[in-house]
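Have a look at the structure below before the remarks.
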Amino acid sequence: QVQLVESGGGLVQPGGSLRLSCAASGNIFSIYTMGWYRQAPGKQRELVATITRGGSTNYADSVKGRFTISRDNAKNTVYLQMNSLKPEDTAVYYCNADLSQDIYSDYVSSWGQGTQVTVSS
């Protein structure tokens, strides 16, 4: 059994900052890519940022220069530092990890339960 638990969401004013964390736990052999996705009301879930085990990153154009993704491989944890937040960043943010549970298994995508981020004055 694998769990991804997000934390750090909340209400922030435009221009403010938040830091999200996501810790993966359970029967985990290896994690390749970890990332953050978001879903606003009435919209499809979209990629925010991803990071590989080696540290290669990828960002949505809408967050480049404002958000920074990082990870601690020893702790199976990924972070998202969000600066200069805008009302359009309001969404439920989901953590994702491509992980395997033993040396023989393929990587499987796992999701957290989501954390609400609201940017409003």
Side-chain angles (χ1 to χ4, degrees):
Q1 194 77 349
V2 174
Q3 276 193 316
L4 275 65
V5 179
E6 300 108 332
S7 61
L11 173 64
V12 63
Q13 291 187 341
S17 298
L18 282 175
R19 188 188 193 216
L20 304 183
S21 300
C22 171
S25 62
N27 183 23
I28 298 171
F29 173 71
S30 176
I31 302 177
Y32 181 56
T33 301
M34 301 187 82
W36 292 95
Y37 293 72
R38 67 187 181 186
Q39 187 166 18
K43 295 189 177 181
Q44 289 188 330
R45 190 173 299 188
E46 63 176 5
L47 178 146
V48 176
T50 61
I51 183 168
T52 67
R53 184 173 182 83
S56 296
T57 58
N58 180 48
Y59 294 93
D61 288 342
S62 59
V63 306
K64 282 181 181 177
R66 300 188 298 122
F67 291 10
T68 302
I69 190 170
S70 60
R71 67 188 276 178
D72 184 332
N73 290 330
K75 295 181 179 179
N76 288 338
T77 299
V78 63
Y79 306 96
L80 185 68
Q81 178 66 44
M82 305 185 292
N83 299 328
S84 303
L85 282 161
K86 305 175 181 180
E88 50 263 43
D89 294 317
T90 295
V92 177
Y93 283 70
Y94 296 91
C95 174
N96 175 265
D98 292 330
L99 56 89
S100 65
Q101 295 188 273
D102 59 61
I103 194 171
Y104 303 106
S105 299
D106 292 332
Y107 285 92
V108 175
S109 185
S110 296
W111 293 89
Q113 81 287 352
T115 185
Q116 177 70 46
V117 171
T118 302
V119 185
S120 175
S121 54

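Values below: every heavy atom of this structure, side chains too, minus hydrogens, waters and symmetry copies.
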From [X] [atom1] over to [Y] [atom2], what is the distance, rounded to the nearest 0.5 angstrom?
| X | Y | atom1 | atom2 | result |
| --- | --- | --- | --- | --- |
| T57 | R71 | OG1 | CZ | 12.0 Å |
| L20 | Q81 | CG | CD | 9.0 Å |
| L4 | C22 | CG | SG | 4.0 Å |
| C95 | Q3 | SG | CD | 12.0 Å |
| I51 | S56 | CD1 | OG | 8.0 Å |

Practice problem: Scan for salt bridge (charged side-chain N to carboxylate O under 4.0 Å, His left out) pairs involving residues 39-62, sequence neighbours excluded, and state none if there are none. | Solution: R38-E46, D61-K64

Quiz item: Is there any salt bridge (charged side-chain N to carboxylate O under 4.0 Å, His left out) pair reaching into residues 2-18, and which pairs are they, with sequence neighbours excluded?
Solution: none

Taking the side chain as C-beta and beyond, is there a heavy-atom pair between [X] and [Y] under 4.5 Å?
| X | Y | value |
| --- | --- | --- |
| S120 | L11 | yes |
| Y107 | S30 | yes |
| M82 | V48 | no |
| D72 | Y79 | yes |
| V78 | I31 | no |

Exercise. Might you confirm whether atom CG of N27 has over 12 heavy atoms from other residues, nucleotides or ligands at distances under 6.0 Å?
Key: yes

Practice problem: Might you confirm whether atom CD of Q44 has over 12 heavy atoms from other residues, nucleotides or ligands at distances under 6.0 Å? | Solution: no

What are the two closest heavy atoms between [X] and [Y], and how far apart are they?
| X | Y | result |
| --- | --- | --- |
| T90 | V119 | OG1-N, 2.9 Å |
| W36 | S21 | CH2-O, 3.6 Å |
| A40 | A91 | N-CB, 3.8 Å |
| S121 | P14 | N-CD, 3.7 Å |
| N83 | S17 | OD1-OG, 2.9 Å |
| L80 | A49 | CD1-CB, 4.4 Å |

Is there a donor-acceptor pair closer than 3.5 Å between any side-chain N or O of [X] and the backbone N or O of [Y]?
| X | Y | answer |
| --- | --- | --- |
| Y59 | R66 | no |
| T115 | Y93 | no |
| D98 | M34 | no |

Practice problem: Kindly determine whether V2 and V108 satisfy side chain to side chain contact (heavy atoms under 4.5 Å, CB included), including the steps that lead there. | Solution: CA-CA 11 Å; V2 174; V108 175; over 6 Å; no

Practice problem: Flag yes if L18 and Y94 sit in one hydrophobic cluster, no otherwise; membership is Ile, Leu, Val, Met, Phe, Trp, Tyr, and two members link when side-chain heavy atoms are under 4.5 Å apart. | Solution: no

Quiz item: Any luck finding a side-chain donor-acceptor pair between S25 and N76 under 3.5 Å?
Solution: no

Exercise. Can you label the angle between the Y37 ring and the W111 ring as parallel, tilted or perpendicular, going by 30° and 60°?
Key: perpendicular

